[in-house]
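To start, the structure itself, in structure tokens.
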Amino acid sequence: MGKGLTKRAENYSEWYNEIVAKADLAENSGVRGCMVIKPYGFAIWEKMQAELDRMFKETGHQNAYFPIFIPKSYFSKEASHVDGFAKECAVVTHYRLKNSEDGKEVIVDQDAKLEEELIVRPTSETIIWDTYKRWIQSYRDLPILVNQWANVVRWEMRTRLFLRTSEFLWQEGHTAHATKVEAIKEAEQMLEVYADFAENFMSVPVLQGTKTESERFAGALETYCIEALMQDGKALQAGTSHFLGQNFAKAFDVKFATKDGGQEYVWATSWGVSTRLMGALIMTHSDDYGLVLPPKLAPIQVVIVPIYKSPEDLNRISNYAEGLIIELKELGISVKYDDDDQRRAGWKFAEYEMKGVPIRIAIGPKDMENGTVELSRRDVPGKEGKEYAPQANLAVRLQELLEEIQVNLFQRASSYRQEMTTIVDNYDDFKKTLTDKGGFIMAHWDGSEETEKRIKDETKATIRCILHGGKEEDGKCIYSGKPSKRRVVFAKAY
RNA sequence: CGGGGUGUGGCCCAGCCCGGUUAAGGCGCCUGCUUUGGGAGCAGGAGAUCGCAGGUUCGAAUCCUGCCACCCCGACCA
């Protein structure tokens with residue numbers, strides 16, 4: 001039992017906060033709304049980064065880096081972009097500090113006012129398109145397929161660790177193309193990459209879809225997204241990919257010479273996932289005992305805890321463990337042997353459960369006699385997930401078990417999502433489902449922003465997306481009764 | 001920006017209404033002994049200008065005034 005961990009059923013958001021704290025993932029900092037990501041939490045993020053980075057490169061992208069500061073004049077060039085972000089921008093106005101008259105504090109030197117204010121990037125489209133203008137002259141310069149790993153700042157009023165912080169880490173891809181078709185294909189491809197990553201690496205099932213106009217990224221013609229379902233029945237947008245059309249090319253006057261000598265505006269995309277994925281990870285798999293990590297994201301995949309009284313016992317166990325560790329490492333499995341004598345075994349068990357280590361091996365004198373180990377899988381807590389496994393061929397067994405856990409987590413989350421997806425045909429059922437059950441609700445919508453907004457105002461539910469590959473089906477809008485050609489996905493969202 | 005709340009050892013917090021010895025307790029930390037197959041027990045110890053600045057008073061964590069910070073609920077959001 002997680003010591004002091006609030007149960008999900010009692011208070012979900014408290015449970016979430018406690019996991020973040022007790023699993024050593026992150027904590028609040030002295031700066032309002034900004035978090036400190038702790039080593040264990042950052043190790044998980046690094047695993048995400050490494051895999052995504054590999055996937056981006058495999059699809060032809062290169063990394064680059066653009067400035068954190070964006071001149072206000074750049075920022076204001078694309079009108080809808082400004083509308084979307086203006087209210088949450090941090091602005092740099094001065095470049096120097098000085099001692100106050102009484103020498104007691106440091107103050108802003110009013111003489112050091114910037115000629116032009118700098119915006120701390122909330123996203124980098126504008127600085128990047130100002131740059132691309134210089135990079136692109138001819139169709140031969142296209143496509144440009146660039147990604148950057150960076151921090152961004154959006155001055156949020158209400159923040160929550162990983163889910164919404166004023167500063168967060170992310171990657172943002174920015175691509176430039178000669179044709180509309182190619183740009184759309186790129187945006188779609190990157191959505192596929194995200195979905196693949198979420199499902200196969202994080203074991204988080206996601207819906208792929210297109211945002212409605214009101215939920216669209218500021219400056220995009222089309223926003224695609226992956227949406228995950230958390231254990232409290234709320235949806236979480238886990239990644240977005242945007243087809244930006246020629247909006248930024250026009251705003252920054254980025255044209256290219258075509259093969260036949262004409263001049264055309266460049267087509268653009270951008271796409272990103274952030275440290276918010278950490279929130280998705282936590283809220284998808286974890287339980288009342290603590291964090292649960294899919295093996296592919298676990299900084300430690302197998303932990304070995306020796307149980308002993310005498311130094312002789314420890315010696316024998318350590319000798320055995322040493323061999324096992326070598327075998328595991330050869331199989332590419334990250335393993336920790338915790339023979340710290342400052343902590344008792346029970347303490348360690350609870351600790352590694354809290355931190356979501358997928359497999360725990362405990363070895364005591366009895367095991368050494370029997371040629372066994374006590375093997376516990378984190379995805380099945382308690383006795384049920386515990387067995388005495390033979391020492392023979394253990395490393396291979398563990399490798400297989402890690403794969404099994406990876407798949408099991410995905411399947412469990414998938415069946416939960418299936419249970420929590422409801423088809424409704426009228427507004428009363430819609431409201432009832434929303435309050436009694438939550439989850440994704442598939443319902444007909446007349447396609448108007450007006451209806452969408454009214455439903456949101458009345459129920460707090462938003463249209464998460466219009467499913468890709470969703471089938472056409474005649475029906476009536478649950479709110480207005482007007483004809484509709486397909487169902488869309490509603491949910492309350494983070 | 002509106003409405004509500006809280007600031008007390010590293011962390012959680014009692015005390016405040018009704019002013020008065022050395023500011024209580026838990027977690028954590030340090031020392032020692034005993035323990036060790038699911039978050040050990042006992043004993044001892046260190047650690048606090050009670051958010052800041054004024055005021056009232058013989059005396060302020062406690063009462064008054066002002067300021068600051070943070071948290072929660074609403075409108076915006078990956």
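The sequence lines fix the lettering, A, B, ..., with proteins before strands; numbering per chain opens at 1. These values consider heavy atoms only, across backbone and side chains, with no hydrogens, waters or symmetry-generated copies.
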Between B:rA61 and B:rU49, how many Å separate the two C1' atoms, rounded to a whole number?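 Approximately 12 Å lies between the C1' atom of B:rA61 and that of B:rU49.
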When you compare B:rG28 with B:rG3, how far apart are their C1' atoms, in angstrom units rounded to a whole number?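 B:rG28 and B:rG3 have their C1' atoms separated by 37 Å.
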So what does [X] touch, heavy atoms closer than 4.0 Å: a base, only the sugar-phosphate, or nothing?
| X | result |
| --- | --- |
| A:Glu156 | base |
| A:Thr462 | nothing |
| A:Leu163 | base |
| A:Phe168 | base |
| A:Asp341 | nothing |
| A:Arg160 | nothing |
| A:Lys386 | base |
| A:Lys348 | nothing |

Between [X] ([atom1]) and [N] ([atom2]), how many Å, whole number?
| X | N | atom1 | atom2 | value |
| --- | --- | --- | --- | --- |
| A:Asp457 | B:rA75 | CG | P | 9 Å |
| A:Lys38 | B:rC11 | NZ | C1' | 12 Å |
| A:Trp155 | B:rA78 | CH2 | P | 18 Å |

Decide whether A:Thr372 and A:Asp367 meet the rule of one side-chain donor and one side-chain acceptor closer than 3.5 Å.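 Side chains of A:Thr372 and A:Asp367: pair found under 3.5 Å.
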Under a 3.5 Å cutoff, is there a donor and acceptor pairing between the side chains of A:His242 and A:Ser270?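 No, no side-chain donor-acceptor contact under 3.5 Å.
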Considering only B:rG38, B:rG37, B:rU36, which nucleotide approaches the side chain of A:Glu353 most closely?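 For the A:Glu353 side chain, the nearest candidate turns out to be B:rG38.
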Closest to the A:Arg32 side chain: B:rG37, B:rC70, B:rG39?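 Looking only at side-chain atoms, A:Arg32 lies closest to B:rC70.
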Given A:Leu244, which partner from the list A:Glu78, A:Glu125, A:Glu222 fulfils the side chain to side chain contact (heavy atoms under 4.5 Å, CB included) test?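 Option passing the side chain to side chain contact (heavy atoms under 4.5 Å, CB included) with A:Leu244: A:Glu125.
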B:rC73 phosphate, OP1 or OP2: any side-chain N/O from A:Arg158 under 4.0 angstrom?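 Checking A:Arg158 against B:rC73: at least one side-chain N or O falls below 4.0 Å of OP1 or OP2.
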Can you find a side chain N or O atom of A:Arg344 that sits less than 4.0 Å from OP1 or OP2 on B:rG39?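 Checking B:rG39 against A:Arg344, no side-chain N or O comes under 4.0 Å of OP1 or OP2.
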Please evaluate residues A:Phe75 and A:His81 with respect to the criterion ring pair (Phe, Tyr, Trp, His ring centres under 6.0 Å), reporting the C-alpha separation (whole Å), side-chain torsions for both, the decisive distance (0.1 Å), and the verdict. CA-CA 8 Å; A:Phe75 193 74; A:His81 194 65; 5.6 Å; yes
Applying ring pair (Phe, Tyr, Trp, His ring centres under 6.0 Å) to A:Phe430 and A:Phe490, what does each step give before you reach the verdict? CA-CA 9 Å; A:Phe430 179 86; A:Phe490 284 90; 5.0 Å; yes
